[in-house]
Amino acid sequence: MYKIKNAVDGKLVESSSERAGAIFNPATGEQVGELPLSSNEEINAAVANARAAQPDWGQTPPARRARIMFRFLQLLNENVQDLAREISREHGKTHEDALGECARGLEVVEFACGIPHMLKGEFSRNVGPQIDSFADRQPLGVVAGITPFNFPAMVPMWMYPMAIACGNAFVLKPSERDPSASMLAWELFRQAGLPDGIFNIVHGDKSAVDCLLDHEDIKAVSFVGSTPIARYVYERGTRSGKRVQALGGAKNHMIIMPDADLDAAADALMGAGFGSAGERCMAISVAVPVGKETADRLVAKLKPMVEAIKIGPASDETAQMGPLITRAHQQKVLDYIDQGEKAGADLVVDGRGFSLQGYENGYFVGGTLFDNVTQDMSIYQDEIFGPVLSVVRRDSFEDALELIHGHQYANGTAIFTRDGDSARSFAERVEVGMVGINVPIPVPVAYHSFGGWKNSSFGSHGIYGPEAVHFYTRLKTITARWPRGVKEGAVFTFPS
Ligand code: NAD
């Protein structure tokens with residue numbers, strides 16, 4: 001059994017905390033590791049270290065910071081198989097899926113390599129007689145990231161590469177379920193030449209999060225996780241004067257119009273609904289076919305596909321879907337299937353009885369398909385975060401749009417259609433942050449920014465991309481007059 005350490009000031013540090021958390025292999029249910037649940041003293045020490053290291057880093061020319069970022073990118077590419085294995089071992093997702101996660105995380109590091117260009121600032125000559133004005137984006141100081149279990153490498157990479165490239169020091173509190181991928185990335189960043197104290201990892205639970213949220217030397221917090229915690233982090237962090245971006249949960253709808261290519265739509269629903277066992281914030285969990293005929297044909301196509309999903313541990317190269325993250329989460333998903341059945345939805349494929357020989361204690365749930373789900377049911381209202389796809393039938397495009405607008409979550413959505421009018425109208429009118437047109441998981445690339453609307457996101461900045469430069473820096477505007485010695489006497493009116 002391995003023991004995870006904190007990473008502070010360029011070193012791995014044995015924790016002195018009396019509290020520890022267990023790390024499990026979700027495919028077997030066995031404990032494989034342990035991590036410290038750090039004390040406030042340990043968190044404070046990490047922040048103090050980061051604070052001491054940041055000014056030099058903030059003064060380091062952006063091009064030099066970018067060179068370290070390039071080396072980090074190279075090392076990540078050389079070690080990507082190991083990174084994916086670390087993800088799968090603790091999260092349970094298939095190796096191919098973990099490699100996909102790495103690719104999307106590395107994209108952000110690629111983007112961060114261009115930081116000199118993004119920090120160029122603005123300059124206006126002669127805004128007044130011999131007066132020039134320029135605007136400069138300066139780092140905030142020490143910033144923190146708090147991340148969920150479902151993308152243990154990618155979601156932290158949405159944060160620290162951009163924050164660090166902007167000249168900040170970073171303290172990461174990764175998910176206590178699967179911390180190892182971030183530990184490997186930390187080691188690679190260190191090898192790339194990042195100065196000590198600029199990237200730190202402290203492990204912990206709510207108490208560590210609260211300590212970071214209240215710490216006066218933490219200037220900004222990026223959070224990704226479930227909506228109740230996102231809202232809490234946003235409120236508590238902003239109350240202590242911090243800049244906070246807090247991304248929450250989701251219930252993503254996909255409209256299937258009568259003119260859509262139904263085979264393509266069914267394939268898309270399989271990948272987006274059941275990939276990573278539905279544990280993605282951009283998973284499609286609600287299919288909204290328009291018209292009875294579309295719905296009947298779609299459900300007939302999906303049923304055998306859901307029944308045929310190959311489920312297995314990450315070590316099985318043929319597996320399409322792995323286990324859920326914890327026993328408690330497995331039970332929660334099974335409870336939702338019970339609730340859906342009791343509420344009167346048609347259980348077309350029931351994933352409850354699934355068991356795998358040799359992995360009987362793993363946290364598996366089979367692919368599950370419900371038809372005729374209605375708006376009042378808990379399986380529609382709540383984020384289940386499991387391999388459960390609900391079909392909610394609607395008679396028209398307008399009804400489908402209204403359905404989406406009635407939901408509290410607004411992270412991602414998609415429409416499948418061959419009709420440009422419907423697609424364009426959907427993109428323009430739908431009140432959701434990220435929209436796909438014949439693309440089921442419209443996660444923006446690294447040079448755009450990611451973010452949902454409504455209860456899927458709190459705070460005004462999207463994560464990564466150009467928005468990250470704004471989030472992790474503050475603007476200073478300097479108005480300068482040269483040469484010195486111009487004398488115009490005391491002026492009491494407003495400068496114009
Ligand atoms: P979670 O909210 O349970 O945990 C996220 C982080 O918050 C973890 O680091 C955890 O230690 C910490 N935390 C947990 N309880 C806390 C508390 N009471 N007080 C303070 N901190 C606490 O989320 P999770 O189960 O790890 O991840 C799944 C959730 O994340 C889903 O809801 C999913 O939709 C969401 N998610 C959203 C996005 C997005 O971009 N919007 C991306 C990935 C995941």
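Both ligands and their constituent atoms are indexed starting at 1 by order of listing.
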Dump all N/O pairs between ligand 1 and the protein below 3.5 Å as a table: atom names plus distance, one pair per row.
{"from": "ligand 1", "atom 1": "2 (O)", "to": "S226", "atom 2": "N", "distance (Å)": "2.9"}
{"from": "ligand 1", "atom 1": "2 (O)", "to": "S226", "atom 2": "OG", "distance (Å)": "2.6"}
{"from": "ligand 1", "atom 1": "9 (O)", "to": "T147", "atom 2": "O", "distance (Å)": "2.8"}
{"from": "ligand 1", "atom 1": "9 (O)", "to": "K173", "atom 2": "NZ", "distance (Å)": "2.9"}
{"from": "ligand 1", "atom 1": "11 (O)", "to": "K173", "atom 2": "NZ", "distance (Å)": "2.8"}
{"from": "ligand 1", "atom 1": "11 (O)", "to": "E176", "atom 2": "OE1", "distance (Å)": "2.7"}
{"from": "ligand 1", "atom 1": "11 (O)", "to": "E176", "atom 2": "OE2", "distance (Å)": "3.3"}
{"from": "ligand 1", "atom 1": "26 (O)", "to": "F149", "atom 2": "N", "distance (Å)": "3.1"}
{"from": "ligand 1", "atom 1": "30 (O)", "to": "G225", "atom 2": "O", "distance (Å)": "3.3"}
{"from": "ligand 1", "atom 1": "32 (O)", "to": "E383", "atom 2": "OE1", "distance (Å)": "2.6"}
{"from": "ligand 1", "atom 1": "34 (O)", "to": "E383", "atom 2": "OE2", "distance (Å)": "2.6"}
{"from": "ligand 1", "atom 1": "41 (N)", "to": "G248", "atom 2": "O", "distance (Å)": "2.8"}

**Report entry** Modelled atom types, side-chain donor and acceptor of S226 and E383, under 3.5 Å
**Finding:** no
Query raised in the report: Is the gap between the ring centers of Y363 and H329 under 6.0 Å?
Result: no
Query - Evaluation steps, ring pair (Phe, Tyr, Trp, His ring centres under 6.0 Å), between Y472 and H461 - result: CA-CA 10 Å; Y472 293 124; H461 289 85; 9.2 Å; no
When the side chains of residues 442-451 are checked against the rest of the protein, which donor-acceptor pairs come out under 3.5 Å, sequence neighbours left out?
{"from": "S449", "atom 1": "OG", "to": "Y464", "atom 2": "O", "distance (Å)": "2.8"}
{"from": "S449", "atom 1": "OG", "to": "E467", "atom 2": "N", "distance (Å)": "3.2"}

**Report entry** Distance, nearest 0.5 Å, that separates CE of M162 from CD1 of I463
**Finding:** 11.0 Å
Report task. Assign the ring pair F72 / Y160 to parallel, tilted or perpendicular, where the plane angle (0 to 90°) is split at 30° and 60°. Result -> tilted
